[in-house]
Amino acid sequence: MSPRAHGQVRRGQAITTYGPGALIDLPRHSAIVGGLDSWPSPADLDEIVEPRLTRKLRIITGVPEPRLYAPPPASHDPRERSLGVNVWRFPEWFIVQDEQGSEERERSRRLVSRRALDDRGRFDGRAVVATRFVRACPRGHVDDLDWHRFVHGPEDNCRRQLRLDERGTSGDLIDLVVRCECGKQRSLYEATQLEMNPLGTCRGARPWLGRGTNEDCKLPSRLLIRTASNAYFSQVVSVLSLPDRRSGVGQVVAELWDDLQIVDGPAELAVLKKKPKVAERLAPFSDEEVLEAIRELKGGGADERPVKKVELDALLAAPEGFGDDVPVDPDFHARRLPEHVWRRTARSEGIEAVVQLHRLREVLALIGFTRFEAITPDIHGEYETDVERAQIAIEPTWFPAVENRGEGIFILLRTDAVRTWLKRIGVRERIDGLTHGHRRWMEHRKSDRPFVGGPYVLLHTLSHLLIQSLAMRCGYPASSLRERIYADSETGRFGVLLYTGSADAEGTLGGLVQQARHIEDHLAQALRMGGLCSNDPICAHHTPGQSMEERWLHGAACHGCALVAETCCEMRNDYLDRALVVPVLGVPDAAFFPGTT
């Protein structure tokens, strides 16, 4: 393991695309990102304090006192000690770059193990590249293919030279054949036939945690192309930082947190109270009160309500104003925009309020990952506690996290308008079709998650249409905008938060938040885009429960209209239907908003 950096990723990528267990191509090697046990010591990392998120992680993961630390930053000073994330070379089977002596369409290259390479990483004096094929299972385990077993079967112990023949120019699996010098061969396409179990049972390999960390697993191994998009799905929990309503000892501890964050007991507190500033501020409180406040700040509060319901309370509590008449809280500064500023026509009758978030702070933490199939949180931002996820450390005590700062717009729909809309016959029939599609989608999944509900699909589709409109005028590309959908049917509160944020930034230029004044114009543009898709009438007539292409979670939605970059979407572009937002071809009676001309 070399101390020299072999590549770079952004901090945000270290908990999303390239977190522990992710397969990554570096300039000279193929590797797997190491688990937290091989990361720098937490003492060398920046701690991120977010009590609500810490509390959620304790419930989800079962870790008693989880802490949050930011991935190590890149250092450009050669005098500083280099901190980085370790990676392990993976896979350990390679293709020899043999010279081709002819221009024939078919070529054959040797397939060799890492143990056969020389000290320079070459085989027979020739360069090698890692094979793009590995085996894995949905629980996150990943391993090299047993190439000899694949070709010969479990009973044959032949260990002669293997070759990978390419019998065509497409690179498709059906054109690839693994061949042994003994004469046996097998098409790589057969590795995809799960019913034949061609790759054997998963060994529970976890190479990102080091050698000897295998765990029991009885699932069949599946062929995985290590650069494919389904090779790694991170499970990230996110919350918005809300106004600090602590008082008394809690407020003082928060203000002295730079000093008090190292306190774990009375001894450390006694040492720190030798500082005159600390002693003076803590003088009105007993040591027990201070220690309890420290434990609460480290471990999160006692509030176990769903993440989004707490955030919705804070958004709706924003006072009316323009945001420039009081000192700004760098973590959360929201003002309800006066109605006369943004409402000009009857087009926005279904909207009750528009809130400008001049400043917001979002904290995201990585808790695990899956392969082949993504696991998303429910509509309230909560993960199921029994989800089988791959661990990012052997015994995790902390989790990698990043904080993003930015701005946003919150749009609240009228409760009575949503409830009246839900009573319409056309709406009920449309939602029934989406519910049937959800049931079809659930047939091959272990989760018992209920259908998200008609209001969520309405808000989600409206959000995607608004993102496309806002991106034209707010100064941010569509891929930089993100959404949070709030569909609380119990209390009748339905809203959409559209926001942007970037790591290590203290704020933004206000390009997005100022578009709140023109929300009617963006609504009109969104409805025009949603009313007619370039793939209509095929898109508009798509029926979720009878989908030949198995798009069970889509109504009238496709890449030509309602789908956006997955970095924007909290549900990976599922649960979308334009027909619930605006009239579409063949479905004129299910829309929440009237059509536009």
Who are the side-chain contact (heavy atoms from CB on, under 4.5 Å) partners of Glu349, not counting sequence neighbours? Ala346, Arg414
Classify the ring geometry of Trp441 against Tyr575: parallel below 30°, tilted from 30° to 60°, perpendicular beyond 60°. perpendicular
How many angstroms lie between atom CD of Gln193 and atom OG of Ser187, to the nearest 0.5 angstrom? 9.0 Å
Determine, stepwise, if the pair Tyr499 / Glu483 fulfils side chain to side chain donor-acceptor pair (under 3.5 Å). CA-CA 6 Å; Tyr499 65 101; Glu483 67 180 4; over 6 Å; no
Main chain of Asn573, side chain of His554: is a donor-acceptor contact present, judged purely on distance under 3.5 Å? yes
What do the steps show when you test Glu215 against His141 for side chain to side chain donor-acceptor pair (under 3.5 Å), and what is the final call? CA-CA 9 Å; Glu215 62 181 2; His141 304 136; 2.6 Å; yes
Would you say CZ of Arg139 has more than 12 non-hydrogen atoms from neighbouring residues, nucleotides or ligands within 6.0 angstrom? yes
Within a reach of under 6.0 Å around OH of Tyr456, are more than 12 heavy atoms found that belong to other residues, nucleotides or ligands? yes
Please report the C-alpha distance between Glu65 and Arg58 in whole Å, then the side-chain angles of each, then the deciding distance to 0.1 Å, and finally whether the salt bridge (charged side-chain N to carboxylate O under 4.0 Å, His left out) criterion is met. CA-CA 7 Å; Glu65 297 291 339; Arg58 180 191 301 172; 3.6 Å; yes
For Phe372, does the CZ atom sit with more than 12 other heavy atoms under 6.0 Å from it, leaving out its own atoms? yes
Would you say that more than 12 heavy atoms from the other residues, nucleotides or ligands in this model lie under 6.0 Å from the CD of Glu490, or not? no
Is the Phe369-Trp208 ring centre distance short of 6.0 angstrom? yes
May I ask you to check whether over 12 heavy atoms, not counting those of Leu194, lie within 6.0 Å of atom CG? yes
Return the minimal non-hydrogen interatomic distance between Val587 and Ala579, and the atom names on each side. CG1-CB, 3.9 Å
Would you say the side-chain atoms of Thr370 and Gln235 include a donor-acceptor pair closer than 3.5 Å? no
Smallest separation among heavy atoms of Ile351 and Arg343, with atom names: O-NH2, 2.7 Å
Cys202 and Lys218: CA distance, side-chain angles, deciding distance, side chain to side chain contact (heavy atoms under 4.5 Å, CB included) verdict: CA-CA 6 Å; Cys202 176; Lys218 302 301 181 184; over 6 Å; no
To the nearest 0.5 Å, atom CG of Leu553 lies from atom CE of Met571 at 9.5 Å
Apply the test side chain to side chain contact (heavy atoms under 4.5 Å, CB included) to residues Phe410 and Glu311: give CA-CA distance (whole Å), side-chain angles for both, the deciding distance (0.1 Å), then the verdict. CA-CA 11 Å; Phe410 176 72; Glu311 294 173 357; over 6 Å; no
Please name the pair of heavy atoms, one in Arg493 and one in Lys309, separated by the smallest distance, quoted to 0.1 Å. NH2-O, 4.1 Å
Using only atom types and a distance under 3.5 Å, with no angle test, would you say the side chain of Gln468 pairs donor to acceptor with the backbone of Cys561? yes
Closest heavy-atom pair, Ile485 versus Ser463, reported as atoms and distance to 0.1 Å, is CD1-CB, 3.8 Å
Value for SG (Cys217) from CZ (Arg206), rounded to nearest 0.5 Å, stands at 11.0 Å
Carefully, step by step, assess Asp488 and Thr491 under the rule side chain to side chain donor-acceptor pair (under 3.5 Å). CA-CA 6 Å; Asp488 187 357; Thr491 59; 2.7 Å; yes
Could I get the full list of side-chain contact (heavy atoms from CB on, under 4.5 Å) partners for Leu434, not counting sequence neighbours? Phe451, Val457, Pro544, Asp577, Leu580
Which value, rounded to the nearest 0.5 Å, describes the distance between His460 atom NE2 and Cys569 atom SG? 3.0 Å
Using a strict 4.0 Å threshold on nitrogen-to-oxygen distance, state whether Arg344 and Glu339 make a salt bridge. no
Shortest non-hydrogen pair, Gly531 vs Val582, comes out as N-CG1, 3.6 Å
Does the pair Asp589/Arg430 count as a salt bridge with the N-to-O cut at 4.0 Å? no
Check Ala557 against Cys539 and note the closest heavy-atom contact, atom names and distance. N-SG, 3.5 Å
Rounding to 0.5 Å, atoms CG (Leu412) and CZ (Arg336) come to a distance of 7.0 Å
With a cut-off of 6.0 Å (strictly less than), are more than 12 heavy atoms of other residues, nucleotides or ligands near NE2 of His559? no
To the nearest 0.5 Å, atom CD of Gln525 lies from atom CE of Met472 at 7.5 Å
Closer than 3.5 angstrom, by distance alone: can the side chain of Ser234 be matched with the main-chain N or O of Val236 as a donor-acceptor pair? no
Is there a donor-acceptor pair closer than 3.5 Å between any side-chain N or O of Ser480 and the backbone N or O of Tyr476? no
